[in-house]
Amino acid sequence: MADFLAQGTKAPNFIAQSTSGEMVSLKDFAGKQIVLYFYPKDDTPGCTKEACGFRDTIGDIQAKGAVVLGVSRDTMAKHLKFKEKFHLNFDLLSDEDGKITEAYRVWGEKSMYGRKYFGIFRVTYIIDEQGNIKKVFPKVNPTVHAKEVLEALN
């Protein structure tokens, strides 16, 4: 299990290309809560369930003054295809160089069917209006996660 960032600590700043076509940073969202969710790969079963859960609850999440940002190491081309295919109504950030996933400690050794490999842990951070980590979801069930996040927002 990775050593994720702790609740109450300052969230690391980042700058990344988003599916809106702009470069965005953590500082751009000052005064808002941020649901920063990390996922392994676009258009795979678990990641699609998780993204569609956020898509379907985005109105309620925004009503609580929060934005959703999905992060993976997929290319921007893959992100745009994934966003279009599932009508995602929030931005995805491309972390091809791995700087964000490493800063947020969600990159590490994983194991599937006895095979070890490096990848992204499915982790969500809620970042408060001042840029501090308010809540960490270290083990995410993609099917119900959006509802859990909604309950954790104030």
Side-chain angles (χ1 to χ4, degrees), residues 1-42 44 46-76 78-80 82-83 86 88-110 118-154:
M1 186 59 138
D3 182 24
F4 303 120
L5 297 176
Q7 190 172 310
T9 60
K10 195 80 175 154
N13 191 31
F14 59 79
I15 297 173
Q17 186 178 7
S18 79
T19 48
S20 68
E22 298 177 18
M23 296 299 285
V24 298
S25 75
L26 181 68
K27 293 175 184 170
D28 293 338
F29 301 99
K32 292 187 176 209
Q33 294 183 92
I34 304 165
V35 176
L36 189 65
Y37 84 95
F38 293 89
Y39 65 98
K41 198 160 181 55
D42 289 336
T44 56
C47 297
T48 299
K49 279 182 191 162
E50 186 176 14
C52 290
F54 283 122
R55 176 199 65 201
D56 296 345
T57 57
I58 195 74
D60 294 330
I61 289 170
Q62 289 172 338
K64 293 191 176 201
V67 296
V68 173
L69 299 171
V71 183
S72 82
R73 289 192 175 189
D74 285 311
T75 63
M76 187 51 58
K78 286 183 180 178
H79 274 348
L80 290 167
F82 183 48
K83 185 172 177 168
F86 293 99
L88 303 180
N89 47 12
F90 55 88
D91 276 333
L92 302 176
L93 306 181
S94 182
D95 184 37
E96 285 186 76
D97 64 7
K99 288 181 181 174
I100 302 171
T101 50
E102 288 175 14
Y104 280 82
R105 300 185 191 161
V106 298
W107 179 259
E109 189 173 73
K110 298 170 82 174
F118 280 85
I120 295 177
F121 295 104
R122 191 182 302 277
V123 175
T124 297
Y125 292 102
I126 295 178
I127 301 168
D128 70 17
E129 296 85 349
Q130 292 76 41
N132 298 310
I133 295 174
K134 175 180 166 180
K135 178 131 178 89
V136 182
F137 294 89
K139 284 193 172 249
V140 169
N141 175 340
T143 308
V144 298
H145 187 52
K147 288 189 172 93
E148 293 173 333
V149 166
L150 186 59
E151 289 170 11
L153 293 168
N154 54 359

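Residues R73 and E96 come closest through the heavy atom pair O-CG, 3.8 Å. Taking each heavy atom of P142 and G46 in turn, the nearest pair found is CB-O, 3.2 Å. Shortest non-hydrogen contact noted between I100 and A16 is CD1-CB, 3.5 Å. A pairwise comparison of heavy atoms in M76 and L92 identifies CE-O, 4.4 Å as the closest pair. Nearest heavy atom pair, residue K135 against residue A152, reads CD-CB, 4.0 Å. Summarising the geometry of P40 relative to C47, their closest heavy-atom pair is CD-SG, 3.5 Å, with the distance given to 0.1 Å.
Counting heavy atoms from C-beta outward, F82 and T48 have side chains that approach closer than 4.5 Å. When side chains are defined from C-beta on, V106 counts as touching F4, because their heavy atoms get closer than 4.5 Å. The shortest side-chain heavy-atom distance between I61 and F90 does not fall under the 4.5 Å cut-off.
Counting only residues at least two apart or in different chains, ring pair (Phe, Tyr, Trp, His ring centres under 6.0 Å) contacts with residues 126-154 comprise F54-H145, F137-H145. For residues 10-22, every residue pair satisfying the side chain to side chain donor-acceptor pair (under 3.5 Å) rule, not counting sequence neighbours, is listed here: S18-S20, T19-K83, T19-D91. Sorted by first and then second residue, the salt bridge (charged side-chain N to carboxylate O under 4.0 Å, His left out) pairs involving residues 48-61 (not counting sequence neighbours) are E50-R122. Counting only residues at least two apart or on different chains, the side chain to side chain donor-acceptor pair (under 3.5 Å) pairs with a member in residues 61-72 are S72-D74.
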Checklist entry - How far apart are the C-alpha atoms of F29 and V24, what are their side-chain angles, what is the distance that settles it, and do they pass the side-chain contact (heavy atoms from CB on, under 4.5 Å) test? => result CA-CA 9 Å; F29 301 99; V24 298; 4.3 Å; yes

Checklist entry - What do the steps show when you test V149 against Y37 for side-chain contact (heavy atoms from CB on, under 4.5 Å), and what is the final call? => result CA-CA 10 Å; V149 166; Y37 84 95; over 6 Å; no

Item to check | Working for side-chain contact (heavy atoms from CB on, under 4.5 Å), residues K99 and F14 | outcome: CA-CA 8 Å; K99 288 181 181 174; F14 59 79; over 6 Å; no

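Shown here are the salt bridge (Lys or Arg N to Asp or Glu O under 4.0 Å) partners of E129, two or more places apart in sequence or in another chain: there are none. Scanning for side-chain contact (heavy atoms from CB on, under 4.5 Å) contacts around K32 gives V67, with sequence neighbours left out.
At most 12 non-hydrogen atoms from other residues, nucleotides or ligands lie less than 6.0 angstrom from NZ of K147.
A distance of 9.5 Å separates CG in D42 from CG in L80, rounded to the nearest 0.5 Å. A distance of 8.5 Å separates CD1 of I15 from CG of D28, quoted to the nearest 0.5 Å. To the nearest 0.5 angstrom, I133 atom CD1 is 4.0 Å from L5 atom CG. T57 contributes atom OG1, which lies 11.5 Å from atom CD of E148 (distance to the nearest 0.5 angstrom). To the nearest 0.5 angstrom, K134 atom NZ is 6.0 Å from I126 atom CD1. The line from CD1 of I34 to CG of L36 is 7.0 Å long, rounded to the nearest 0.5 Å.
Checked against V35 for a side chain to side chain contact (heavy atoms under 4.5 Å, CB included), the options I58, I127, L150, L153 give a single hit: L153.
Between F38 and Y104, the two ring planes are tilted [angle within 30° to 60°].
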